[in-house]
A.B. asks: 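The structure is given below, and queries will be raised subsequently.
Predicted model only: the values in this text are computed from it and were never measured. Just so you know, these numbers use all the heavy atoms, side chains as well, and skip hydrogens, waters and symmetry mates. Chain A is the first sequence line, chain B the second, and so forth, proteins listed ahead of strands; every chain is numbered from 1.
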Amino acid sequence: MDFDQARYARDDRYEPLLSEKNAAREEIDDSPLPDELTRDAVELPGLSEPELARHYTRLSQMNWSVESGPYPLGSCTMKYNPSFTEDVAADPNAAIHPDRSPRTSQGTLELLYELQDYLARIGGMDAVTLQPPAGAAGEFTGILVAKAYHESNGDDRSEVVIPASAHGTNFASAAMAGYDVVELPSGDDGRVDMEALDAALSEDTAALMLTNPNTVGLFERDIVEIAEMVHDVGGLLYYDGANLNALLGRGRPGDMGFDIMHYNVHKTFATPHGGGGPGAGPVGVVSELEPFLPNPRVREKGGNYRLEDAEDSIGKVHGYTGNWFVLVKAYAYIARLGDAGLSDASAKAVLNANYLAEQLDYEVPYEPFHHEFAATAGDRDAADVAKRMLDYGVHPPTTKWPEFVPEAMLTEPTEIENRDSLDDLAHAFNAAMADSDEELENAPSRTTARRIDQVGAARDPQLSWQALDDE
Amino acid sequence: MTRGSPYAPHTEAETAAMLDAVGAADEESLFDIPEDVRFDGEFGLEERSERDATTLLSSTLAKNKKLTEFLGRGHHSHYVPSLVNDLSRRSEFLTSYTQYQPEITQGFLQVLFEYQSMLVELTGLPVANCSMYDAATALAEAARLSNRVRQASGHRILVPEILHDGKRSVLDNYVAGTDLTVETYPMDDGNVDVDALSDLADDEVSMVYAENPTVRGTIEERLTEIGELADEVDALFCLGTDIVALGLLQEPASVGADVVVGEAGALGMPNAYGMGLGLFATREEFLRQVPGRLVGASEDAGGKRAYTLTLQTREQHIRKERATSNICTNQAWVALRTAMHVAYLGPDGLVDLAKQCVTDAESLAAELSELRGVRAPVHDRHHFREFVVHTDQPAKAIASDLESEGFAVHVVSEHKLQVCVSDLNAPKVDQLVAAFEEVL
Ligand SMILES: Cc1ncc(COP(=O)(O)O)c(C=O)c1O
């Protein structure tokens with residue numbers, strides 16, 4: 001495929017900043033407030049609507065997205081975001097204030113209640129909160145729930161055990177909740193090393209955080225035994241739901257012995273998270289942990305929905321009910337797909353990953369993988385290969401992570417690609433690998449910008465138009 | 001057509017050929033899941049056509065009563081221009097993700113850079129991140145920041161006794177894993193009781209938090225003193241606000257704010273059942289301790305200015321348990337909408353909107369005060385968007401009767417209501433006043 005990304009450029013920049021197009025200043029006079037309570041002036045861009053329309057349209061053209069082409073970022077599950085969910089969320093009846101009485105917000109409460117139920121079924125959990133606004137917030141919530149549970153038993157535990165291959169948020173979330181992190185080295189087969197796990201677990205273990213399949217797509221086959229080991233020392237087993245797209249209809253964390261899990265709604269349930277968010281990270285738990293979930297809970301009685309605070313709850317992890325519009329879209333997605341669609345999504349996601357890997361001239365050290373795989377760039381620099389892939393009109397995979405795979409290229413095509421587009425993707429992988437070192441180092445050249453100086457950006461931070469060196 | 005995901009494009013023949021290519025007999029054999037934890041695939045969830053799914057949702061949402069909301073207390077919205085709805089939905093924006101490959105995502109990076117710049121202008125502080133989840137988590141992150149940069153100085157966080165419950169609870173949870181303790185200081189007629197705060201402030205304090213406007217809509221008059229007070233005990237001064245208020249009220253940097261947090265989703269979003277956009281800005285000095293993503297300007301190999309995520313060594317994917325925060329997925333697309341809305345308003349539009357928040361609240365309070373058994377505003381202060389109303393009759397009963405008339409207001413206590421007015425409900429204030437008269 002021949003590819004050139006849109007590029008609006010002039011002189012030493014691409015599309016000028018809003019402030020460069022027209023900076024305006026409004027003095028604050030005729031204020032209804034005394035002078036000492038107001039600022040003097042506001043300086044912001046002052047552009048007309050047509051100018052703004054063109055500005056943002058051009059910027060959008062200089063941005064890659066799922067609807068532009070393959071976006072196989074491993075661990076990120078970049079699926080197609082169905083258009084109709086946008087229309088559904090734009091329903092004026094959805095645009096309500098959170099402090100309305102339950103009597104006047106029955107529609108919202110019913111939707112939340114049903115989504116809790118959908119998610120509970122999908123994860124095999126007994127109770128779900130929708131409050132956490134992203135996966136990491138879900139982890140933090142789940143670990144706080146674990147902490148509250150242990151404390152309620154008069155049990156003071158200080159450690160959370162996490163495999164080295166886990167996502168960075170797992171470590172950060174456990175630490176934020178005040179735990180010491182015990183890092184578990186990966187086993188030779190890429191899975192949990194049972195001996196190392198045995199050594200790491202103790203009476204101090206509050207929880208073990210795992211994702212399954214793990215971050216190279218391998219199913220933790222010893223999961224039942226792992227759960228037993230964790231439970232034997234009185235710990236809880238936490239499921240990082242980022243990889244749930246591999247399991248829909250084939251396995252449920254609740255059935256594997258997990259006590260707590262978060263769902264990455266913006267991954268598995270296809271809600272758009274343009275530019276980096278918003279997401280949603282609902283948390284499911286087994287019934288024993290339900291009393292500790294965040295307040296308020298949505299309850300139902302005789303078709304009437306209400307909000308209820310529980311005494312033992314950890315309190316709140318978001319000012320209100322989380323990312324409401326994201327939850328609406330997730331509900332719409334699940335209501336559209338049902339059992340058959342969800343199961344098929346996983347089947348095709350796993351098929352696509354396997355098919356793609358088969359077409360690559362790369363070693364994939366760990367098998368059998370599911371919805372994603374970690375190829376290795378071998379003696380090439382994975383980041384350079386990725387930059388070169390851009391020139392072939394695809395987004396590259398996640399690079400250099402997880403770290404135990406040398407020069408990792410963690411690839412997750414999701415179910416949305418057909419064979420032709422997987423072949424295009426494979427071509428991009430293989431062509432980039434076959435290109436010379438020089439071609440790799442000079443890449444990309446077909447994207448809006450050429451290779452960007454990251455070191456310079458960090459050495460001399462310019463974080464606003466006010467701070468630009470060239471002003 | 002086979003039953004399955006409508007968003008998986010495979011034909012049966014294609015599936016068969018692909019299975020063949022990987023040497024698998026069927027899809028199931030690709031799953032390496034032991035029998036004892038296999039699931040049979042029956043969630044009991046129905047599949048629907050797009051149209052039926054849409055109908056299901058819209059009929060469920062239609063159960064929300066049509067009300068004119070005079071509600072605020074931390075969640076606000078203003079008229080969102082069509083330009084924002086239209087352009088933010090461009091799929092190149094909507095269906096992208098974090099800019100791990102900046103060369104191919106310049107568009108969104110520039111939007112976020114512009115968003116940061118707008119906050120820098122409005123707060124007067126030189127560093128703004130490109131989003132936190134909401135105002136509550138932004139406040140909580142500020143407390144954790146104070147713990148990192150003021151470790152030597154203390155562990156007490158002082159917050160107003162009148163604070164939104166959600167903010168307080170989130171703050172408590174975010175500091176639970178630290179040695180920080182949260183304590184309240186008294187308020188005086190809606191605003192900070194500066195003398196009482198002064199008595200409470202000592203060397204053990206690491207952060208003083210105040211809001212402008214407060215949760216009751218009052219405008220603070222002694223921010224500079226609060227800032228100095230915090231400074232004297234070597235504590236951070238964290239100021240909570242919202243993006244519209246920033247367009248008119250005292251510039252946070254000018255009153256000595258070290259961190260500014262609050263709700264930026266008051267522009268760009270309709271009422272969203274509490275979904276927000278946490279704004280977070282701070283001083284240069286704390287740059288390397290900031291939570292969340294930062295977009296910076298740099299240069300590409302062709303010598304042109306280009307944008308990239310930067311200072312990532314603060315973040316969880318590199319620093320793991322020593323990261324400044326666990327945040328990864330953030331509220332970037334909401335920030336895009338907010339930036340578009342600010343750009344649409346321009347400085348004159350923003351200032352006008354903010355002035356209207358003052359005058360509309362003032363005139364509605366005056367009108368309500370004309371009614372028998374009603375006094376507003378309760379606090380003898382200037383107000384922004386909202387104010388507390390005293391009612392001789394029980395507030396709850398009045399609110400409930402108003403609800404039957406099609407209006408929603410807050411109940412603050414036994415004889416206090418709170419009413420919030422913005423450009424969205426302003427055309428209906430006469431009807432609200434009439435309804436008040438009716439139900440009193
Ligand atoms: C394996 C894994 N865990 C956790 C997370 C964190 O989720 P979020 O980005 O929604 O906070 C991610 C996402 O990036 C992930 O890939």
A.B. asks: Look only at the side chain of A/Asn63 and the backbone of B/Glu92, and say whether a donor-acceptor pair between them is shorter than 3.5 Å.
C.D. replies: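 Flag set: sc A/Asn63 to bb B/Glu92 pair under 3.5 Å.
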
A.B. asks: Where on B/Ala135 is there a heavy atom nearer than 4.5 Å to chain A: the side chain, the backbone, both, or neither?
C.D. replies: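 Nothing of B/Ala135, per the 4.5 Å heavy-atom cut-off to chain A.
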
A.B. asks: Look at the rings of A/His97 and B/His75 and say which category their plane angle falls in: under 30° parallel, 30 to 60° tilted, over 60° perpendicular.
C.D. replies: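 The arrangement is perpendicular - the two ring planes meet at more than 60°.
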
A.B. asks: Name the region of B/Arg319, side chain, backbone, both or neither, that has any atom closer than 4.5 Å to a heavy atom of chain A.
C.D. replies: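 For B/Arg319, no heavy atom lies under 4.5 Å from chain A.
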
A.B. asks: Between B/Phe93 and A/Tyr56, how do the two ring planes meet: parallel, tilted or perpendicular, split at 30° and 60°?
C.D. replies: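 Judged by the thresholds at 30° and 60°, the geometry between B/Phe93 and A/Tyr56 is perpendicular.
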
A.B. asks: Please flag which part of B/Leu287 lies under 4.5 Å from any non-hydrogen atom of chain A: side chain, backbone, both or neither.
C.D. replies: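 When you check distances to chain A, only side chain atoms of B/Leu287 fall under 4.5 Å.
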
A.B. asks: Is the shortest side-chain heavy-atom distance between B/Leu45 and A/Ile122 below 4.5 Å?
C.D. replies: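 With C-beta onward as the side chain, the pair touches.
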
A.B. asks: Counting only N and O atoms by type, is there a donor-acceptor contact under 3.5 Å from the side chain of B/Gln110 to the main-chain atoms of A/Glu15?
C.D. replies: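 Yes; judged by distance alone, with no hydrogens or angles, the pair exists.
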
A.B. asks: Would you say the side-chain atoms of A/Arg336 pair up with the backbone N or O of B/Ala53, donor to acceptor, closer than 3.5 Å?
C.D. replies: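 No, because the side chain of A/Arg336 does not come within donor-acceptor range (under 3.5 Å) of the backbone of B/Ala53.
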
A.B. asks: Determine the option with the most heavy-atom pairs under 4.5 angstrom with chain B, choosing from A/Leu144, A/Ile28, A/Thr108, A/Val88.
C.D. replies: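 If we count pairs closer than 4.5 Å to chain B, A/Thr108 comes out on top.
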
A.B. asks: Indicate the atoms forming the closest heavy-atom contact of B/Asp134 with A/Gly319, along with that distance.
C.D. replies: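 Looks like OD2-N, 2.8 Å.
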
A.B. asks: For residues A/Thr169 and B/Cys328, report the shortest heavy-atom separation together with the two atoms involved.
C.D. replies: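 A/Thr169 and B/Cys328 have their closest heavy atoms at CG2-CB, 3.6 Å.
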
A.B. asks: Judged by modelled atom types alone, do B/Glu103 and A/Thr447 share a side-chain donor-acceptor pair under 3.5 Å?
C.D. replies: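 No, no side-chain donor-acceptor contact under 3.5 Å.
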
A.B. asks: Are A/Leu59 and B/Glu114 close enough that some pair of their side-chain heavy atoms sits under 4.5 Å apart?
C.D. replies: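 Touching, per the 4.5 Å side-chain cut-off.
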
A.B. asks: Could you look at A/Asp87 and say if it's the side chain, the backbone, both or neither that has a heavy atom under 4.5 Å from chain B?
C.D. replies: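 When you check distances to chain B, atoms from both the backbone and side chain of A/Asp87 fall under 4.5 Å.
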
A.B. asks: Which atoms of B/Arg38 are under 4.5 Å from chain A, going by heavy atoms: the side chain, the backbone, both sets, or neither?
C.D. replies: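 For B/Arg38, the contact with chain A is made by backbone and side chain together.
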
A.B. asks: Below 4.5 Å from any heavy atom of chain A, which atoms of B/Thr98 appear? Answer side chain, backbone, both or neither.
C.D. replies: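 Both the backbone and the side chain of B/Thr98 come within 4.5 Å of chain A.
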
A.B. asks: Does the A/Asp12 side chain pair with the main chain of B/Gly303, one donor and one acceptor, at a distance under 3.5 Å?
C.D. replies: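 Between the backbone of B/Gly303 and the side chain of A/Asp12 there is no qualifying donor-acceptor contact (under 3.5 Å).
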
A.B. asks: Using non-hydrogen atoms only, which part of B/Asp40 is less than 4.5 Å away from chain A: side chain, backbone, both, or neither?
C.D. replies: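 Just its backbone gets close to chain A.
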
A.B. asks: Which bit of B/Thr313 comes within less than 4.5 Å of chain A, counting heavy atoms only: side chain, backbone, both or neither?
C.D. replies: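 B/Thr313 has no heavy atom closer than 4.5 Å to chain A.
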
A.B. asks: Please classify the contact between B/Glu50 and chain A as side chain, backbone, both or neither, with a heavy-atom cut-off of under 4.5 Å.
C.D. replies: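 Backbone plus side chain of B/Glu50, per the 4.5 Å heavy-atom cut-off to chain A.
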
A.B. asks: For A/Asp255, is it the side chain, the backbone, both or neither that has a heavy atom under 4.5 Å from a heavy atom of chain B?
C.D. replies: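 Answer is both: backbone and side chain atoms of A/Asp255 are under 4.5 Å from chain B.
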
A.B. asks: Under a 4.0 Å N-O cut-off, is there an ion pair linking A/Lys348 with B/Glu27?
C.D. replies: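 The answer is yes: the pair qualifies as a salt bridge.
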
A.B. asks: What's the shortest heavy-atom distance between B/Thr308 and A/Ala457, and which atoms?
C.D. replies: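 The answer is CG2-CB, 3.6 Å.
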
A.B. asks: Check each atom of A/Ala24 against the heavy atoms of chain B and say whether the ones under 4.5 Å are side chain, backbone, both or neither.
C.D. replies: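 When you check distances to chain B, atoms from both the backbone and side chain of A/Ala24 fall under 4.5 Å.
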
A.B. asks: Quick check on the interface: out of A/Gly135, A/Ser101, A/Ala345, who has the most heavy-atom pairs with chain B under 4.5 Å?
C.D. replies: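 The candidate making the most pairs under 4.5 Å is A/Ser101.
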
A.B. asks: Considering only heavy atoms from C-beta outward, does the side chain of A/Arg25 approach that of B/Pro347 to under 4.5 Å?
C.D. replies: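 Heavy-atom side-chain distance check fails, nothing below 4.5 Å.
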
A.B. asks: At a 4.5 Å cut-off on heavy atoms, which part of B/Ile104 comes close to chain A: side chain, backbone, both, or neither?
C.D. replies: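 Both the backbone and the side chain of B/Ile104 come within 4.5 Å of chain A.
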
A.B. asks: Counting only non-hydrogen atoms closer than 4.5 Å, does B/Leu67 touch chain A with its backbone (N, CA, C, O), its side chain (CB onward), both, or neither?
C.D. replies: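 It is both, since atoms from each part get that close.
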
A.B. asks: Does some side-chain heavy atom of A/Arg100 sit less than 4.5 Å from a side-chain heavy atom of B/Glu403?
C.D. replies: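 No - every pair of side-chain heavy atoms lies 4.5 Å or more apart.
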
A.B. asks: Quick one, A/Gln5 and B/Gln106 - any side-chain contact, counting heavy atoms below 4.5 Å?
C.D. replies: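 A side-chain contact is absent here, since even the closest heavy-atom pair is not under 4.5 Å.
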
A.B. asks: State, with a plain yes or no, whether a side-chain heavy atom of B/Tyr273 is found less than 4.5 Å away from one of A/Tyr320.
C.D. replies: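 No, every pair of side-chain atoms sits at 4.5 Å or beyond.
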
A.B. asks: Is it the side chain or the backbone of A/Val224 that comes within 4.5 Å of chain B heavy atoms, both, or neither?
C.D. replies: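 Contact with chain B: side chain only.
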
A.B. asks: Compare every heavy atom of A/Ala94 with every heavy atom of B/Leu61, then report the nearest pair and how far apart it is.
C.D. replies: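 Of all heavy-atom pairs spanning B/Leu61 and A/Ala94, the closest is CD1-CB, 4.0 Å.
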
A.B. asks: Heavy-atom pairs under 4.5 Å with chain B are the metric here; pick the option from A/Pro133, A/Gly251, A/Gly178 that has the most.
C.D. replies: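 Max contact count across the listed options: A/Pro133.
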
A.B. asks: So which atom in B/Thr95 and which in A/Ser65 form the shortest heavy-atom distance, rounded to 0.1 Å?
C.D. replies: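 Smallest heavy-atom distance, with atoms named: OG1-CB, 3.2 Å.
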
A.B. asks: Go through the atoms of B/Leu19 and report whether side chain, backbone, both or neither lie under 4.5 Å from a heavy atom of chain A.
C.D. replies: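 Both backbone and side chain.
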
A.B. asks: Without swapping roles, check the side chain of A/Arg103 against the backbone of B/Lys65 for a donor-acceptor pair under 3.5 Å.
C.D. replies: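 Absent.
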
A.B. asks: Just so I understand: if I count every heavy-atom pair under 4.5 Å between each of A/Cys76, A/Gly315, A/Ala458 and chain B, which residue has the most?
C.D. replies: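 Highest number of heavy-atom pairs under 4.5 Å: A/Ala458.
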
A.B. asks: Cut-off 3.5 Å, side chains only: do A/Asp453 and B/Ser298 have a donor facing an acceptor?
C.D. replies: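 Side-chain D/A pair, A/Asp453 to B/Ser298: absent.
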
A.B. asks: Tell me, for A/Glu139 versus chain B, whether the close heavy atoms (under 4.5 Å) come from the side chain, the backbone, both or neither.
C.D. replies: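 For A/Glu139, no heavy atom lies under 4.5 Å from chain B.
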
A.B. asks: Using modelled atom types only, decide if a donor and an acceptor are shared between the side chain of B/Arg48 and the backbone of A/Ala335 within a distance under 3.5 Å.
C.D. replies: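 Answer holds: yes.
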
A.B. asks: Does any N or O in the side chain of A/Arg250 come within less than 3.5 Å of the main-chain N or O of B/Phe31, such that one atom is a donor and the other an acceptor?
C.D. replies: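 Side chain of A/Arg250 to backbone of B/Phe31: no pair is present.
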
A.B. asks: Are the side chains of B/Tyr100 and A/Thr398 in contact, using a 4.5 Å heavy-atom criterion?
C.D. replies: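 Contact flag for A/Thr398/B/Tyr100 side chains = no.
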
A.B. asks: Ignoring hydrogens, what is the shortest heavy-atom contact between B/Ser5 and A/Leu337? Give both atom names and the distance.
C.D. replies: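 Looking at all heavy atoms of both residues, the shortest contact is OG-CD2, 3.9 Å.
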
A.B. asks: Considering the options A/His273, A/His266, A/His395, which one meets the ring pair (Phe, Tyr, Trp, His ring centres under 6.0 Å) requirement together with B/Tyr97?
C.D. replies: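 With B/Tyr97 as partner, A/His273, A/His266, A/His395 yield a single ring pair (Phe, Tyr, Trp, His ring centres under 6.0 Å), made by A/His273.
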
A.B. asks: Before you tell me yes or no, could you show the steps for A/Arg39 and B/Glu121 under salt bridge (charged side-chain N to carboxylate O under 4.0 Å, His left out), namely the whole-Å CA-CA distance, both residues' side-chain angles and the distance that decides it to 0.1 Å?
C.D. replies: CA-CA 12 Å; A/Arg39 58 192 300 148; B/Glu121 165 58 26; 3.7 Å; yes

A.B. asks: Start with the C-alpha distance between A/Asn323 and B/Gln331, add both sets of side-chain angles, then the distance that settles side chain to side chain contact (heavy atoms under 4.5 Å, CB included), and finish with yes or no.
C.D. replies: CA-CA 9 Å; A/Asn323 280 333; B/Gln331 302 288 109; 2.9 Å; yes

A.B. asks: Measuring heavy-atom distances to chain A, does B/Val295 have an atom under 4.5 Å in its side chain, in its backbone, in both, or in neither?
C.D. replies: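 Looking at B/Val295, just its backbone touches chain A.
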
A.B. asks: Is the CZ atom of B/Arg322 crowded by more than 12 outside heavy atoms at less than 6.0 Å?
C.D. replies: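 Atom CZ in B/Arg322 is not crowded, with 12 or fewer foreign heavy atoms closer than 6.0 Å.
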
A.B. asks: Answer with side chain, backbone, both or neither: which region of B/Thr137 has an atom nearer than 4.5 Å to a non-hydrogen atom of chain A?
C.D. replies: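 Side chain only.
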
A.B. asks: Flag the one option from A/Ser68, A/Ala347, A/Gly46, A/Gly456 with the top tally of heavy-atom pairs under 4.5 Å to chain B.
C.D. replies: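 Among the listed options, the one with the most contacts to chain B is A/Ala347.
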
A.B. asks: Within the side chain of B/Asp348, is there an N or O that forms a donor-acceptor pair under 3.5 Å with the backbone of A/Glu26?
C.D. replies: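 No, B/Asp348 side chain to A/Glu26 backbone: no donor-acceptor pair under 3.5 Å.
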
A.B. asks: Would you say that B/Leu345 contacts A/Leu44 through its side chain, given a criterion of any heavy-atom pair below 4.5 Å between the two side chains?
C.D. replies: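 Heavy-atom side-chain distance check fails, nothing below 4.5 Å.
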
A.B. asks: Check whether B/Glu28 gets within reach of chain A through its side chain, its backbone, both or neither, counting any heavy atom under 4.5 Å.
C.D. replies: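 When you check distances to chain A, only side chain atoms of B/Glu28 fall under 4.5 Å.
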
A.B. asks: Is A/Met176 close to chain B through its backbone or its side chain, or both, or neither, when contacts mean heavy atoms under 4.5 Å?
C.D. replies: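 Contact with chain B is through both the backbone and side chain of A/Met176.
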
A.B. asks: Under a 3.5 Å distance rule, please check whether A/Asp339 uses its side chain to pair with a backbone N or O of B/Glu42 as donor and acceptor.
C.D. replies: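 Checked: no pair found.
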
A.B. asks: Would you check if the distance from the ring center of B/Tyr174 to the ring center of A/Phe140 is below 6.0 Å?
C.D. replies: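 Centroid distance B/Tyr174-A/Phe140: below 6.0 Å, so yes.
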
A.B. asks: Taking side chain as everything from C-beta outward and backbone as N, CA, C, O, which of these in A/Lys79 sits under 4.5 Å from a heavy atom of chain B? Side chain, backbone, both or neither.
C.D. replies: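 When you check distances to chain B, no heavy atom of A/Lys79 falls under 4.5 Å.
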
A.B. asks: Check the side chains of A/Asn352 and B/His10 for a donor-acceptor pair under 3.5 angstrom, ignoring hydrogens and angles.
C.D. replies: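 Present: a donor and an acceptor within the cut-off.
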
